[in-house]
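Below is one structure, written out as structure tokens; comments come after it.
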There are 2 protein chains.
Amino acid sequence: MSASASEKKDSTTEEKIKTAAKTVFYKKGFAATRTRDIAEEAGLNLALLNYYFRSKAKLFEIIMAETFSGFIGSMKVILDDEKTSLEQKVITIAKRYIDFISVEPEIPTFILTEIRNNPEELLKKLPIKEIVNDSVFIKQFQEAIQNKEITEPNPLHFLMNLLGLVVFPFIVKPIIMGSRNLETEQFDALMQERKKKIPIWINMMFKA
Amino acid sequence: MSASASEKKDSTTEEKIKTAAKTVFYKKGFAATRTRDIAEEAGLNLALLNYYFRSKAKLFEIIMAETFSGFIGSMKVILDDEKTSLEQKVITIAKRYIDFISVEPEIPTFILTEIRNNPEELLKKLPIKEIVNDSVFIKQFQEAIQNKEITEPNPLHFLMNLLGLVVFPFIVKPIIMGSRNLETEQFDALMQERKKKIPIWINMMFKA
DNA sequence: AAAATTTTTAATCAAATGATTAAAAATTTT
DNA sequence: AAAATTTTTAATCATTTGATTAAAAATTTT
């Protein structure tokens with residue numbers, strides 16, 4: 001019945017709760033999920049949620065933190081790699097993120113809606129400013145501009161376009177699938193295509 | 001105190017409620033808004049919501065329907081214009097949607113999260129399939145491919161990229177602003193830039 | 001202006017929901 | 001295996017929240 005994404009170390013009930021919480025929170029968001037939904041998804045007694053995690057809010061915070069660090073952390077690693085060129089970074093981001101999101105397609109919308117609901121609180125926990133501004137990526141971007149390899153001077157446009165091309169289709173997945181009667185496999189195939197195409201598109205957009 | 005986007009025909013209490021409902025629903029989504037929030041935002045007695053709209057769900061349905069038809073309807077008009085070329089359509093979409101969303105920046109995330117929460121129900125009301133497949137745009141796109149003016153054969157990639165470039169920045173607006181300490185005006189300026197740049201980028205990506 | 005109708009209000013209800021508690025069951029320690 | 005500890009359960013509580021009601025106030029009709 002239940003079944004969700006990660007079914008590995010669900011040995012302990014604590015893990016069972018976290019896995020179930022992830023599934024339900026991802027799908028419905030904080031406000032719309034009932035603690036009873038989580039308990040049912042986990043096949044456990046409702047009181048166990050409070051026994052192990054004190055409150056719905058605390059449980060949510062934990063899921064949120066893990067989700068964020070998984071999502072943003074890998075971005076930081078890629079952007080900060082001294083060994084890869086700008087072009088290689090684009091290839092890596094497209095590939096890794098499409099693979100990553102394909103496994104948990106609900107994550108982007110989840111993150112976006114929860115940031116909307118609580119921007120100050122959530123953003124203060126994320127060192128986005130540092131990740132972007134102090135990154136090897138930014139250095140390489142500025143060099144590329146000086147060397148006239150790139151015309152667009154604003155790295156924000158570059159990043160927004162890249163991430164938009166990667167993430168946006170997942171966010172509008174229900175619309176896409178509805179617009180052409182696609183099955184999940186066909187949608188996934190579309191995203192696989194995009195792993196190759198996005199770096200090419202980015203090059204076409206920005207290469208001088 | 002309250003204050004929101006549209007403050008025109010707020011004469012009747014029915015209109016006051018709808019305006020307040022829009023404001024709150026857009027910002028918090030269906031599940032997280034309390035009918036009391038709406039009443040307070042409108043400066044009205046709580047019972048009036050039920051007097052005029054029967055229930056929270058009915059009120060939401062009305063707001064949703066108006067929001068959708070505003071958003072999708074203008075898309076249909078643009079895509080179906082026999083008089084404009086493919087290139088002109090891209091220019092129009094970038095311009096009109098960036099202007100439109102700039103006035104009500106919460107709309108994209110609102111639509112996306114509510115579609116997530118209720119895909120079947122909401123999508124069945126929207127003739128997306130027809131709008132996309134029977135449009136002048138699709139005809140023109142296929143012609144452009146036959147004439148080898150465009151290399152990408154799949155119109156979904158074209159539309160996803162175009163809409164992603166337009167809409168995605170608004171969805172991640174809090175992150176963008178946080179990442180560089182931008183003020184709202186600076187973010188808006190970025191979006192104004194994109195009105196010009198997006199058509200150019202689309203050309204670079206797809207023009208043979 | 002009296003009567004009828006519509007709109008607004010304060011009070012209240014009932015269901016949903018996050019959380020607690022005390023006892024039972026299972027597990028670990030001695 | 002007895003005692004102590006940890007985990008699980010069923011029952012219940014308290015608050016929140018969507019909705020209703022009956023009376024008051026305002027407006028319209030006669």
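Throughout, protein chains are lettered first and strands after them, A, B, ... in sequence-line order, and every chain is numbered starting at 1.
The main-chain N or O of A:T12 is never found under 3.5 Å from a side-chain atom of A:E15 such that the two would form a donor-acceptor pair. Remark: side-chain polar atoms of A:Y97 are not paired, donor with acceptor, to backbone N or O of A:L163 under 3.5 angstrom. Between the side chain of B:E106 and the main chain of A:R116, no donor-acceptor pair closer than 3.5 Å is present. Between the A:Y26 side chain and the A:T109 main chain, no donor and acceptor come within less than 3.5 Å of each other. Within the 3.5 Å criterion, the main-chain N or O of B:E183 finds a donor-acceptor partner in the side chain of B:Q186.
Interface residues of residues 47-59 of chain A facing DNA chain D, ordered by number: A:A47, A:L48, A:Y51, A:Y52; criterion, heavy-atom separation under 4.0 Å.
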Base contacts versus sugar-phosphate-only contacts with protein, heavy atoms under 4.0 Å: please encode nucleotides 22-29 of chain D as B, S and - from 5' to 3'.
--------

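In this structure, A:E114 and A:I63 have side chains that are not in contact, with every pair of non-hydrogen atoms separated by 4.5 Å or more.
Atom pair A:N45:CG and C:dT20:C1' shows a separation of 12 Å (rounding to whole Å applied). A:L46 places its CG atom 16 Å from the P atom of D:dC13, with the value rounded to the nearest Å. Computed from coordinates, the B:I17 CD1 to C:dT9 C1' distance equals 13 Å when rounded to whole Å. Rounded to whole Å, atom C1' of C:dG18 lies 12 Å from atom CZ of A:F25. Regarding A:R34, its CZ atom lies at a distance of 10 Å from the P atom of D:dT17, rounded to whole Å. Counting to the nearest Å, the C1' atom of C:dA19 and the CG atom of A:L44 are 17 Å from each other. When rounded to the nearest whole Å, the span between CD of A:E14 and P of D:dT7 equals 9 Å.
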Just the dot-bracket of DNA chain D, please: which string comes out with Watson-Crick or G-U pairs under 3.5 Å, [ ] for crossing, | for another strand?
||||||||||||||||||||||||||||||

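A donor-acceptor contact under 3.5 angstrom links the side-chain atoms of A:R36 to the base of C:dG18.
The ring-ring contact (aromatic ring centres under 6.0 Å, His included) pairs that include a residue from residues 159-180 of chain B are B:F170-B:F187, where partners are two or more places apart or lie in different chains.
An OP1 or OP2 oxygen of C:dG18 is reached within less than 4.0 angstrom by a side-chain nitrogen or oxygen of A:T35. In terms of phosphate contacts, B:T13 brings a side-chain nitrogen or oxygen within less than 4.0 Å of OP1 or OP2 of C:dT8.
With respect to B:V24, the side chain to side chain contact (heavy atoms under 4.5 Å, CB included) criterion is satisfied by exactly one of B:E40, B:E41, B:R34: B:E41.
The ring-ring contact (aromatic ring centres under 6.0 Å, His included) check on A:F158 picks up A:F137, A:F141, A:F206, with sequence neighbours excluded. Taking the salt bridge (Lys or Arg N to Asp or Glu O under 4.0 Å) definition, one finds that B:D134 meets it with nothing, sequence neighbours left out.
Salt bridge present: B:K18 and B:E66 bring a charged side-chain N and a carboxylate O closer than 4.0 Å.
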